[in-house]
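First the structure, in the form of structure tokens, and then the observations on it.
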Amino acid sequence: MSIARAMPHDSAALHVTGAARYVDDIPAPANCLHLAFGLSDVAHGRIVSVDLDAVRAAPGVTLVLAAGDLPFANDVSPSAHDEPLLAEGHVHYMGQPIFVVAATTHLAARKAARQARIEIEPLPAILSLDDALAADARFEDGPRIYAKGDAAAAIGRAAHRLSGRIEIGGQEHFYLEGQAALALPQDGGEMVVHSSSQHPTEIQHKVAEALGLPMNAVRVEVRRMGGGFGGKESQGNALAVACAVMAAATGRPCKMRYDRDDDMVITGKRHDFRIEYDVGHDEAGRIEGIAFTQYARCGWAQDLSLPVADRAMLHADNAYLLENVTITSHRLRTNTQSATAFRGFGGPQGMVGIERVMDEIAHRLGRDPLEVRRANFYASAHDVAAGPGGQPPGAPRSISGQMKQGRGLVGGETPVHGAGDIASRGAMAEQAEPVGPVTDPGDVQTTPYHMPVTDFILHEMVDRLVETSDYAERRRVVAEWNAGNAVLKKGIALTPVKFGISFTLTHLNQAGALVHVYQDGSVHLNHGGTEMGQGLHQKVRQVAAERFGIDAERVRISATDTGKVPNTSATAASSGADLNGMAVAAACDTIRDRIAAFLSELHQARVESVVFEAGEVRVGGESYDFAKAVQLAYQGRISLSATGFYATPGIEWDRIAGKGRPFFYFAHGAAVSEAVIDTRTGENRLLRVDILHDAGRSLNPALDVGQIEGGFVQGAGWLTTEELVWDDRGRLTTHAPSTYKIPAASDRPEIFNVALWDGENAAETIYRSKAVGEPPLMLGISALMALSDAVASCGPHYPALDAPATAERVLAAVARARG
Amino acid sequence: MQISFLLNGETVTAETRPTATLLDWLRESRGLTGTKEGCNEGDCGACTVIVTDAGGPRALNACILFMGQLPGRAVRTVEGISGPDGTLHPVQRAMIDAHGSQCGFCTPGFVASMACAHLQGATDHDDRLAGNLCRCTGYAPIVRAARAAESAPVPDWMHDVAPMSLAVPGEAPDVSGDTAPSHAGVAADWGHRDPVAGTGASGAGDPGQGADAYRPRTLDAFATWYVENPEATLVAGATDVGLWVTKGLRDLGTVAFLNDIAEMTQVDVSESGIRVGAGVTVAALRTAVAERYPSLAELLRRFGSQQVREAATIGGNIANGSPIGDAAPALIALGARLHLRRGADRREIALEDFFVDYGNQDRGPGEFVEAVTIPRSTGRLECHKISKRFDQDISALCGCVHFEMDGDVVSDIRIAFGGMAGTPRRAPAAEAAFRGRRLDEGLAEAKAALAQDFTPLSDMRASAGYRLDAARGVLERVCDTGTGPRHVLEVQA
């Protein structure tokens, strides 16, 4: 069995010896040029003049290009064509690239880029949410609204009503490997690009447009990234396009990597949000009606902001059944970096909103917030009778049966024609989504977007976690501590996560694979997913090994390559293993079935009786080593290469109406955090964290636990020490790790217990596993709520703790709590 | 310039600018790409290597380590942490087994830090790894790996000996600190007038980028030279000057590398106090004061990461005059005296008088910080650093209080803060509120008096209001005579 084994990351031995290659480590040809951008130092303005003479004269400089010098499209946007590679006419944020310089060394290019004399006439800059609201600067015509029931009426007649708001800061990805690309010009004008990108097809598309070439003349390779977290879904476009254009212009290989400060100043981050809420609830804390208003600060260009803001709306309910709800979403345009994808993709912000509401209701009622959370939970999967539109939890079945069904479902897919970035999550405005009439879910519990919830397992998971974390007793001990300590106060909180899995742009839920079996029984495969540390290649390799009944060591996965598997979706939305695992299984099964058919004929046995197991193929009483069976098939002139394809079944979504079934299933998790604060300084620390997370039937428990531990710490960092600060000119003042503080080793909780829920996915996913990339990040919300609990012990008033809960914000909240 | 040192056990001679960083040289000239650039400012640790000199092995950030600091040292990169035959080091094996790598980009730096700690038998892993950032794992599996490897024997190949003879090609090093400078005969002084002639190095390359470099061996030689070259850039640990190059893209002009002056690295404890040479690293000072001033030792732990503490010097931290350097408030609270020298002329001033104004210190051309003396005291020192993150962060504010009690009355007190003004500065009004009274009697008045003493600024680290509030919190904490934990870092789950 390869599946469900805790195998190490497939590159682990390369990582620890320094042998794993990233873009900047690829040996470049000797005449390689190095690129750097010249950046705007004004947040908003009209470019009056650009004098690049000094740049051209700087030592080592080969070529300098500004917008007017570009041969074809000046566009690196993944959505609305509103993001030029190099600024034209106006600059829209401080850090926007205006020109690009190629020089003989990285340092020479960086030095030369600072020699420009650029005159910019400043224009009023819209920096904050309030600025944007005042100027009505937004994407889309007006706010987007999703609704179910009658929120206003329900709020009005509820016994209790509260309203408030929370400010939620953004987050820098801080992938350890900065953005990087290397373009190698080929004969015939073709281009090969190595990119540190989660979305090679997007890179291919943008490079092709920039060079005036069809996509078949551009090949993009991604061996691995040194971290992505969403920050390399669209933000690598600029570097890849710059390198390709420069390489085409000079005929020389071109490499570009951002210095860390440039990376943080140029690229987008997680959207910061303001969420306002107006809630009506009963004595038990059950929400009867709720209205959310979400304000997202999107930055200067659209990028992926629309689907990000959509996903924030789609997670405004988190784990709670809201019968009467309105969610209003404003996507605001500001003269700051264009906010982009970041692990969770808006979901975390939406979730923080309702967790704040739970916390505040509990405070109002003097109850344990966990009671209020439970009172609002969706009904358990056990208690839900699937309605007409509901999907009942499927019984376990043989995987072969699933595969056949899966393949059957994709027969109707049609190629999509037309220009635009249709492989991008930002594409929804570009292409009329073929949305049919959305099925009426009938009489079942539904989300605010009318999707039935039939697989909810948080009742059971929370029961288990309460027990294993000793929540009740520890809550008592915390109260006791707080009674005896005037200065250092503790808090504890349990928060759940229910996260929707699928791209909300439905057509992206597809994947392809290419599998070769060689004569010696070794297997080589490619799929559309990229490796950014999550261990996707290892999981997919385990799937392939399982299909062939061989050891995973016999399967090799090489760099993701648009020449091997075309039209890939970004490795994003936690979908990597779900989509690509299925596609690879389909390809393997095709080859396996051919071998089985051949051998069964040879042995006059029934094809169903051929078994691939433990490195052997058994047929008609005979047992072949896998390699021998392959050899026989080869000699029998059987094709040992196949593609595989998968499209997620059963999803349909109308994002304008806010109705449908955007998600294939939900992934769940819950965390208990305990924290301590110093009421004199606001300094605070996580003491203990217990997590129970739902990865379905885990493909690889070690890798999944790694995603959970890492996701939690990243989420807790977002909500505590990671603070982005812009000054009043729009300059990001936290543009390096000296000023932007991601968690360090000692920030992880001293006691950190992580367990996997021992269930399986009700939906028919690859071996009934569940996506695990993003959901654990939101477990970090428990850290914010534990801090809120600690602050609440300081006085009678609700702390209304904003995020990130830096020492400064905690101290201010202590003052508010005391009143 | 030619620079000879040991690289992964092999003698190498690099032909390079002295202000090229080791990281760039490894990656661009040597093809050793295992060592990574994560931030290029010494904050993320992806470039960590092990450097051994006479003082033993140290984990250092290669991105802000100049080649000119390396002659006669032994450098070990991730490529040399596995054995010559490819055998994995125990920490590498443990990292694989514990699933300690995900994207793998930070991993070589972690492996270098872990292997260095392993070599030294250090097991305070959170602290040893504070200067290595990982964005994927959440650290738990990495620390598990570090623990698992603790008891494994150190592989043979890890025992580097600094080849000090390489510091001066063809000449035995002159380690006698008393030798009078003789530029003609002392090879280490090759940079005095004609660096190219002195080394045989070619003058080609980029002349604007610090081709002039001087590596004095004795304090006297350096003092004489600096009078004649007062515009030179002095490099001790390069944790600050390194960024002038990697971020400021500045040419440093003539550079003097001070890390071969043994006299500057002395800590002398005597009846009258502790004299700390300007070249003493923060790490060495931390060890030296651990027993007498545990609170200062803890402040020095939080001064920066292991890599930074092992490179940064006390002299550098004082001389650069930063308002947020952590050494100054503690030393001012202790009544430290600063020893300045220009040529043969020496003078001594109160440390607090050195910081005239923001960006302005009482140091003349050709004058340098030679040492700082902490007078003997019978009082108690408390240091409280407030920063967004506990480890490897720059202070929003740093409050240090030294007080002597006569019974339960404060007989003498010095309160100094960093981060509250343009310079590290005392709080005279708050001090006055305490003097001659019990701590609890003086507290309220002292807290109020801080607003007289300081008008802090708002920046990305904290607002002015918070700085004042937290400074008051620091005074409360100092006056807290309770027996329980006084700091969140002391609280257990």
Side-chain angles (χ1 to χ4, degrees), chain A residues 8-9 11-13 15-20 22 25 110-111 114 174-177 225-227 259-261 485 488 532-533 674 676 678 680-681 683-685 687-688 702 706 709-710 712-714 721 723 725 733-734 736-739 741-742 744-748 750-752 806-808 811, chain B residues 33-35 38-41 43-44 46 78-79 82 88 92 95-96 99 101-108 111 125-126 129-130 133 135-141 143 206 247 249 386 388-394 459-463 466 469-470 473-474 476-477 484-485 487-489 491 493:
Chain A
H9 193 286
S11 291
H15 293 155
V16 302
T17 54
Y22 303 80
D25 304 335
R110 288 179 63 211
K111 284 189 171 186
R114 296 192 189 180
F174 210 84
Y175 27 65
L176 262 288
E177 180 212 21
M225 283 161 271
D259 176 75
R260 178 61 61 181
D261 292 65
N485 284 272
L488 303 182
M532 63 193 100
E674 183 178 340
V676 60
D678 184 335
R680 287 173 177 145
T681 60
E683 290 166 290
N684 58 83
R685 192 163 74 93
L687 297 171
R688 174 175 168 177
E709 288 174 333
F712 174 86
V713 169
Q714 196 174 74
T721 60
E723 185 178 30
V725 181
T733 57
T734 50
S738 51
T739 44
K741 310 312 285 189
I742 71 167
S746 65
D747 294 311
R748 81 185 189 290
E750 197 178 315
I751 302 174
F752 196 4
T806 56
E808 177 164 353
L811 192 63
Chain B
T33 55
T35 306
C39 69
N40 215 15
E41 62 168 22
D43 260 304
C44 81
V78 66
E79 290 90 350
S82 337
L88 293 180
Q92 292 175 317
M95 280 287 276
I96 295 173
H99 308 279
S101 74
Q102 285 184 25
C103 85
F105 197 84
C106 70
T107 311
V111 164
H125 302 301
D126 280 5
L129 298 175
L133 297 179
R135 194 53 153 165
C136 296
T137 65
Y139 303 99
V143 174
D206 189 345
K247 299 297 177 180
L249 305 184
I386 313 286
K388 270 187 202 165
R389 189 174 70 196
F390 289 112
D391 287 337
Q392 174 71 348
D393 197 359
I394 294 165
D459 65 11
M460 81 295 273
R461 295 193 177 87
S463 69
Y466 174 73
D469 288 344
V474 164
E476 278 184 37
R477 193 185 287 163
H487 195 289
V488 293
L489 291 177
V491 178

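Protein chains get the first letters and strands the later ones, always in sequence-line order, with residue 1 at the start of each. Small disclaimer: the values here were computed from a predicted structure and weren't measured.
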With D25(A) via salt bridge (charged side-chain N to carboxylate O under 4.0 Å, His left out) - residues at least two apart: R27(B), K36(B)
Segment of D393(B) engaging chain A (4.5 angstrom heavy-atom cut-off): both
Largest heavy-atom contact set with chain A, pairs under 4.5 Å, which of R389(B), E79(B), Q92(B): R389(B)
Heavy-atom closest contact (C44(B) atom, G38(B) atom, distance): SG-CA, 3.5 Å
Which of H9(A), R685(A), Q714(A) touches chain B most, by non-hydrogen pairs under 4.5 Å: R685(A)
Pick from G138(B), A130(B), P485(B), C103(B) with the largest number of heavy-atom pairs that fall under 4.5 Å of chain A: C103(B)
When E750(A), M225(A), R110(A), R680(A) are compared by non-hydrogen pairs under 4.5 Å with chain B, the top option: R680(A)
Chain A contact via H125(B) - side chain, backbone, both or neither, heavy atoms under 4.5 Å: neither
Shortest non-hydrogen contact between F390(B) and N684(A), atoms and distance: CE1-O, 3.3 Å
SB check D43(B) R260(A) (cutoff 4.0 Å): no
Portion of S463(B) that has a non-hydrogen atom of chain A nearer than 4.5 angstrom: both
Contacting region of V16(A) [heavy-atom separation from chain B under 4.5 Å]: both
Contacting moiety of V111(B), where chain A heavy atoms sit under 4.5 Å: side chain
Note: R688(A)-E674(A) ion pair, threshold 4.0 Å (strictly below): no
Interchain contact, L88(B) with chain A, by part (heavy-atom threshold 4.5 Å): side chain
Under 3.5 Å donor-acceptor, R748(A) side chain and A745(A) backbone: yes
Any donor-acceptor N/O pair, Q102(B) side chain to G706(A) backbone, under 3.5 Å: yes
Contact class of E177(A) relative to chain B, heavy atoms under 4.5 angstrom: both
S82(B) versus chain A, the contacting section by heavy-atom distance below 4.5 Å: side chain
Contact origin within N485(A) toward chain B - heavy atom pairs under 4.5 Å: neither
Under 4.5 Å from any heavy atom of chain A - which part of E41(B): side chain
side-chain hydrogen bond (donor to acceptor under 3.5 Å, both in side chains) between E683(A) and T681(A), intermediate numbers included: CA-CA 5 Å; E683(A) 290 166 290; T681(A) 60; 2.7 Å; yes
Chain B interface, residue from T17(A), T739(A), V713(A) that has the most non-hydrogen pairs under 4.5 Å: T17(A)
A736(A) portion near chain B, given a 4.5 angstrom heavy-atom threshold: both
E723(A) side chain vs T806(A) backbone, donor-acceptor pair below 3.5 Å: no
F752(A)/F712(A) aromatic ring centres below 6.0 Å: yes
Which of A20(A), A13(A), G710(A) touches chain B most, by non-hydrogen pairs under 4.5 Å: G710(A)
Side chain / backbone / both / neither for S11(A) at chain B, heavy atoms under 4.5 Å: neither
Best-contacting candidate, P108(B), S101(B), C106(B), G484(B), against chain A by heavy atom pairs under 4.5 angstrom: S101(B)
Side-chain donor-acceptor pair present, T107(B), H15(A), cut-off under 3.5 Å: no
Rounded distance (nearest 0.5 Å) linking atom CG of L176(A) with atom CD1 of I742(A): 6.5 Å
